[in-house]
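Since the structure comes first, as structure tokens, the remarks are kept for the end.
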Amino acid sequence: MKVGILGGTFDPIHIGHMIVAERARIEMDLQEVWFLPSSIPPHKNNTPIATPKQRWEMVCEAVQTNKFFLGKDLELTREGVSYTIDTVKILKKKYPQHEFFFIIGGDMIQYLPKWFQIDELIQLISFIGLQRPGTEIKWELINEQMKQKINMVTMPLIDISSSNIRDLSAQNKSIRYLVHDKVYDFIKEHKLYETR
């Protein structure tokens, strides 16, 4: 089975996440896309605002209407810094029959050489790079072995971010349609992001 992995803090998960997952699934003929909320992302300085349990519940709400999407709480239950290599090793051991593709933004590709234990990681999985209009990738920073493990998928420009949604909420502005309806209800019910 070909499985796409979409990681992130999902603080909150939004429509942009769903669109890129669906596009990657269709373009790469993936049988499933798994959403993995991170415990502590290694590349972000600020900690999530919503609790791990709240982020997990929002992911579960968002993925339930697409039979190809699944939430996996692997990184949340493991706690600590969520290094991709650690996650992939667990996934490969638990699901040896699956072929995994890690979905990342096209702008992140040039930073792959800096990822923790990238030489080992690139032996275990392939990447799906989301090529957005206007994004230029410095391919000269990527070695040939790594290039062979990167699959590019073109994406429309979707200018939605979790930080923007948190800002709008803090300003008491509408976030309806930027997140799944169930996630919207969850944010309102728990009064998430109403203050900064």
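Note that the structure is a prediction, hence the values are computed from the model and not measured. Starting from 1, each residue takes its place in the sequence as its number.
- From Gln145, atom CD reaches atom CD1 of Ile118 across 9.5 Å, with rounding to the nearest 0.5 Å.
- Side-chain contact between Ile109 and Trp139 is present, with heavy atoms from C-beta onward closer than 4.5 Å.
- Arg166 places no side-chain N or O within donor-acceptor distance of the main-chain N or O of Ser161, the cut-off being under 3.5 Å.
- Residues Trp56 and Pro37 approach most closely at CE3-CG, 3.9 Å, considering heavy atoms.
- Closest approach of Lys2 to Met28, counting heavy atoms only: NZ-O, 2.8 Å.
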### Query
Do Leu130 and Met108 pass the side-chain contact (heavy atoms from CB on, under 4.5 Å) test, and can you show the C-alpha distance, the side-chain angles, and the key distance before you say yes or no?
CA-CA 9 Å; Leu130 305 170; Met108 292 296 294; over 6 Å; no
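- Listed here is the closest heavy atom pair of Ser39 and Glu75: CB-O, 3.3 Å.
- Inter-residue side-chain proximity for Val33 and Ile103 is flagged as met; some heavy-atom pair is nearer than 4.5 Å.
- Not a single donor-acceptor pair under 3.5 Å links the side chain of Asn151 to the backbone N or O of Ile128.
- Thr9 has its side chain within reach of Arg55: a pair of non-hydrogen atoms, C-beta onward, lies under 4.5 Å apart.
- Looking only at side-chain heavy atoms (C-beta outward), Lys182 and Met58 stay at 4.5 Å or farther from each other.
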### Query
Step by step, would you call Ile137 with Gln131 a side-chain contact (heavy atoms from CB on, under 4.5 Å)?
CA-CA 9 Å; Ile137 301 167; Gln131 179 70 57; 3.2 Å; yes
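- A single hydrophobic cluster is not seen to contain both Ile26 and Leu6; linkage of ILVMFWY side chains at heavy-atom distances under 4.5 Å, directly or through other members, places them apart.
- Counting only distance, with no hydrogens or angles, the side chain of Arg23 and the backbone of Val153 share no donor-acceptor pair below 3.5 Å.
- Surrounding CD of Glu136 are at most 12 heavy atoms belonging to other residues, nucleotides or ligands under 6.0 Å away.
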### Query
Between Arg78 and Asp86, is a side-chain contact (heavy atoms from CB on, under 4.5 Å) present by the stated rule, with each step listed?
CA-CA 10 Å; Arg78 193 174 75 231; Asp86 298 333; 3.8 Å; yes
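- Note: Thr135 OG1 to Asp107 CG = 6.0 Å, rounded to the nearest 0.5 Å.
- When all heavy atoms of Glu22 and Arg25 are compared, the pair lying nearest together is OE2-NH2, 2.9 Å.
- Cluster membership for Tyr177 and Met18, using ILVMFWY side-chain heavy atoms within less than 4.5 angstrom, is not shared.
- Once rounded to the nearest 0.5 Å, the distance linking CG of Asn164 with CG of Leu178 reads 7.0 Å.
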### Task
Just do the side-chain hydrogen bond (donor to acceptor under 3.5 Å, both in side chains) check on Asp11 and Tyr193 with the steps written out, would you?
CA-CA 9 Å; Asp11 187 26; Tyr193 317 122; 2.6 Å; yes
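- Closest of all the heavy-atom pairs between His17 and Pro12 is CE1-O, 3.8 Å.
- Note that the CD atom of Glu32 and the NZ atom of Lys72 stand 7.5 Å from one another [nearest 0.5 Å].
- Between Leu141 and Lys138, some side-chain heavy-atom pair lies under the 4.5 Å cut-off.
- Taking OG of Ser169 as the start and CD1 of Ile187 as the end, the distance is 5.5 Å to the nearest 0.5 Å.
- Of the possible polar contacts, one joining the Lys149 side chain to the Ile122 backbone as a donor-acceptor pair under 3.5 Å is found.
- When side chains are defined from C-beta on, His180 does not count as touching Ile13, because their heavy atoms never get closer than 4.5 Å.
- Residues Phe102 and Thr84 form a side-chain contact, since some pair of their non-hydrogen atoms from C-beta on lies under 4.5 Å apart.
- For His190, the side-chain contact (heavy atoms from CB on, under 4.5 Å) test picks out Gln54, Phe186, Leu192, with sequence neighbours left out.
- Leu36 is not listed as a side-chain neighbour of Asp73, based on a closest heavy-atom distance of 4.5 Å or more.
- Contact detail for Gly16 and Ile160: the closest heavy-atom pair is N-CD1, 4.3 Å.
- No donor-acceptor pair under 3.5 Å is formed between the side chain of Glu194 and the backbone N or O of Ala170.
- Relative to the ring axis of Tyr184, Arg176 places its NZ or CZ within 45° and under 6.0 Å from the centre.
- Side-chain N or O atoms of Gln64 include one that pairs as donor or acceptor with a backbone N or O of Glu61 at under 3.5 Å.
- Each ring-ring contact (aromatic ring centres under 6.0 Å, His included) pair with one or both residues in residues 67-96, not counting sequence neighbours, appears once here: Trp34-Tyr95, Phe35-Phe69, Tyr83-Phe116, Tyr95-His98.
- Each of Thr87, Ile5, Val88 was compared with Ile125 under the side-chain contact (heavy atoms from CB on, under 4.5 Å) criterion, and only Val88 meets it.
- The hydrophobic clustering, which links ILVMFWY residues whose side-chain heavy atoms are closer than 4.5 Å, places Val20 and Leu157 apart.
- The distance from atom CD of Glu99 to atom CG of Leu124, rounded to the nearest 0.5 Å, is 12.5 Å.
- Without hydrogens or angle criteria, Asn143 side chain to Met146 main chain gives a donor-acceptor distance under 3.5 Å.
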### Query
How far apart are the C-alpha atoms of Phe100 and Lys92, what are their side-chain angles, what is the distance that settles it, and do they pass the side-chain contact (heavy atoms from CB on, under 4.5 Å) test?
CA-CA 8 Å; Phe100 291 103; Lys92 295 288 283 185; 3.9 Å; yes
